Amino acid sequence: MNVRTRSALKLGLRYAIAIAITLFFLFPIYWLFMISFKTADEIYAYPPVWWPSTLQFGSYAVLFRDGDADTVWNSLVVSGVSTVLAMFFGTICAYSLARFRTGGDHLANWIISQRMVPPIAIVFPVFLLYVWLKLVDTYAGMILLYTAFNLPYVIWMMRGYVLDIPVALEESALVDGCSRWAVIWKVVFPMCRAGLFATAIFTFVFAWNDFIFALVLTRTEVTTYTVQVTHYFGGQSNFWSKISAMSVLGTLPIFVIVGFMQRYLVRGISLGAVKG
Amino acid sequence: MSDLKISGLHKYYGALHVVKGIDLDIPAGEFTVLVGQSGCGKSTLLRTIAGLEVADKGAIEIGGQRVNDLAPRDRDIAMVFQNYALYPYMTVFDNIAFGLRARKTPKSEIGPKVAAAAKMLGIDHLLERFPRQLSGGQLQRVAIGRAVVRNARLYLFDEPLSNLDAQLRDEMRGEIKRLHQELGKTMIYVTHDQIEAMTMADRIVLLREGVIEQQGAPLDLYERPATRYVAGFLGSPSMNFIPAGVVANGAAISVRLGDGTSLPVPAERAVGLGTWQGKPLMLGVRPEHIGPAGRDQRPGLAPVQAVVDLVQPTGSRSYATFQLGGVAAVAELQAHDVSRPGERLELSIDMNRTVLIDAATEKVISS
Ligand SMILES: Nc1ncnc2c1ncn2[C@@H]1O[C@H](COP(=O)(O)OP(=O)(O)O)[C@@H](O)[C@H]1O
Ligand SMILES: [Mg+2]
């Protein structure tokens with residue numbers, strides 16, 4: 001066997017393994033999607049139906065008709081707005097921590113420690129507070145909560161990215177005619193764009209995936225999709241078609257975002273990984 | 001008129017006193033080089049002038065206006081940094097135009113200005129490239145372009161050539177000097193390299209541990225150093241320092257070295273030296289002022305015997321190391337005046353060009 005065929009074989013094997021692993025991890029998602037398109041009989045059929053005879057959109061139609069799908073919109077609003085807010089304020093805080101050494105050596109560590117608090121530990125105090133502030137089941141309340149909860153993460157990540165920017169780049173801009181704000185806008189943001197996007201995606205996903213806060217702090221107005229899904233787990237029977245259709249609706253935005261941002265995501269994560 | 005006037009300037013980093021009372025007056029259009037060992041506070045001084053560090057005490061005036069409390073952008077300065085400080089996500093054009101845009105220069109003026117600056121620096125063919133596509137020398141040209149495209153009053157350079165290799169450094173040295181002649185702007189240039197200082201400066205300001213040791217034209221400092229530190233800092237190989245004393249014999253004064261060698265001092269340079277009899281001194285001799293005996297017949301040449309320990313040829317010249325007055329001394333000779341270690345040479349020291357230093361204060365008493 002010559003060297004060329006051997007390396008071709010090696011490559012082939014590598015691909016085969018990669019594909020196998022991908023299929024393995026994709027299968028549950030495939031199954032989730034398929035259930036949402038099946039008839040009730042197909043869902044419970046044994047042996048399982050791998051591909052429904054016709055794609056049924058009935059479950060989706062029901063979700064939209066009953067207004068259940070609006071919960072995805074609620075999730076989008078609270079996650080999206082809180083991400084924008086957390087990124088904006090978090091980056092400014094991070095800049096201050098990194099460049100002006102605000103709070104000395106330890107403030108940054110204290111801030112990230114806040115992110116480690118388990119949500120369940122604070123959700124009931126927050127609930128009582130929100131009752132008093134009349135924020136339960138409001139957009140403002142949920143946005144405020146997710147913003148606050150994500151800020152430490154944003155600050156920590158962005159601080160790392162800012163520290164990676166050579167100070168001379170900023171000083172050069174200051175001398176050349178920029179104010180501090182202009183420096184942040186024209187130098188800091190572009191310099192850590194990859195990190196910014198990666199952090200924003202994680203921030204969004206944290207909020208998007210949250211269950212416990214939404215469960216306790218919402219009622220009917222701003223129910224998020226994660227809470228909505230649980231409504232379909234009944235005492236006697238589970239509404240599998242609704243569960244899966246709702247889950248698909250909840251997964252799609254993430255697919256879209258990650259698809260668009262993949263480039264930044266990979267670069268941003270590896271950047272952060274090296275520098276910390 | 002002076003473009004930059006600094007008085008009584010102090011700068012601390014926490015408890016670390018870095019700039020310790022600097023007074024400096026730089027006339028318009030002059031090329032001043034701040035030179036000194038690494039860590040002596042050159043960058044700190046420059047950054048304080050730029051407003052990137054806050055002065056703890058003292059005043060800084062640019063163009064007659066006190067600027068202590070002005071932001072960097074309001075000081076009418078342009079600065080070139082050691083590591084280029086170019087924006088990786090911008091083309092060369094945008095990098096050079098950055099300062100113009102930040103100052104809201106009309107769009108119609110930006111194009112021509114950038115083109116002119118790029119042409120002056122020979123980088124007009126690179127304007128569409130990104131910094132990562134350029135070599136070190138090209139990067140430095142772009143960085144300089146960023147500064148000269150702006151019509152600032154004061155140009156500051158912080159070791160702009162120290163990242164370049166030797167040949168490129170020589171080339172860029174000439175380039176910056178030429179720029180200064182073309183633009184006629186006031187420039188302050190920081191370096192730790194005494195050759196850069198000597199070759200580029202209209203005036204050298206030699207810093208030592210946060211204070212000005214001496215300032216003046218390059219040859220003034222070279223020929224009439226005020227202290228042993230200055231004498232040793234400028235020149236390569238550096239000046240030989242040999243423990244010595246003076247001996248008066250009537251009106252005639254001679255320098256006596258530790259090994260008994262006696263070197264007569266020319267009469268016109270001996271004035272006042274008699275009072276130093278009996279005090280420990282140091283004789284400072286530059287390597288190029290030690291040559292083969294007998295070649296010249298000028299007055300003031302003092303013969304010495306030398307046994308060569310080490311020969312370092314450079315091509316045009318050879319450096320010979322030998323023992324003189326108990327210490328190793330270096331002579332700069334013609335390439336073929338010395339061939340091998342162990343060789344005996346008849347050398348002569350040009351006593352017209354030596355300096356005498358008070359060993360106690362390290363101040364030059366006669367130069
Ligand atoms: N930001 C800073 N914080 C604390 N010490 C500093 C800072 N910058 C410089 N120093 C110290 O100040 C002294 C002078 O530094 P610098 O001005 O950079 O010297 P040079 O440019 O002459 O090499 C050095 O001892 C250096 O360690
Ligand atoms: Mg320096």
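In the text below, chain A, chain B and the rest are named by the order of the sequence lines, each starting its count at 1. Remember, it's a predicted structure, so these values are computed and weren't measured experimentally.
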Given a strict heavy-atom distance threshold of 4.5 Å, which part of A/P166 is in contact with chain B: side chain, backbone, both, or neither? neither
Could you check whether atom OH of B/Y13 has more than 12 heavy atoms from other residues, nucleotides or ligands sitting under 6.0 Å from it? yes
Decide if atom CZ of A/F24 counts as having more than 12 heavy atoms of other residues, nucleotides or ligands within a radius under 6.0 Å. no
Shortest non-hydrogen separation from B/Y87 to A/V187 and the atoms involved: CE2-CG2, 3.7 Å
Would you say A/F89 has more than 12 foreign heavy atoms packed within less than 6.0 Å of its CZ? no
Does atom CZ (A/F27) have a neighbourhood of more than 12 heavy atoms from anything else shown, all under 6.0 Å? yes
Rounded to the nearest 0.5 angstrom, the SG-CZ distance for A/C178 and B/R101 is 12.0 Å
Whatever's closer than 4.5 Å to a heavy atom in chain A on B/L156 counts as neither
Can you measure from CZ (B/R73) to CZ (A/R180) and round to the nearest 0.5 angstrom? 11.0 Å
Let's test your reading of the structure: which of B/A78, B/P88, B/A85, B/A147 forms the most heavy-atom pairs below 4.5 Å with chain A? B/A85
Under 4.5 Å heavy-atom distance to chain A, tell me which part of B/R47 shows up: side chain, backbone, both or neither. side chain
Once rounded to the nearest 0.5 Å, what's the spacing between atom CG of B/L52 and atom CD of A/E170? 11.0 Å
Looking at B/F98, B/Y84, B/F81, which hits side chain to side chain contact (heavy atoms under 4.5 Å, CB included) with A/S172? B/F81
I'd like to know whether B/R146 forms a salt bridge (charged side-chain N to carboxylate O under 4.0 Å, His left out) with A/D176, so could you lay out the CA-CA distance, the side-chain angles of the two residues, the decisive distance to 0.1 Å, and finally the verdict. CA-CA 9 Å; B/R146 265 190 72 168; A/D176 265 353; 2.4 Å; yes
Assess whether atom NE2 of B/H125 is packed by more than 12 heavy atoms of other residues, nucleotides or ligands within 6.0 Å. yes
Let's test your reading of the structure: which of B/A152, B/A71, B/A102 forms the most heavy-atom pairs below 4.5 Å with chain A? B/A102
When every non-hydrogen atom of A/K186 is compared with those of B/Y89, the smallest separation belongs to O-OH, 2.6 Å
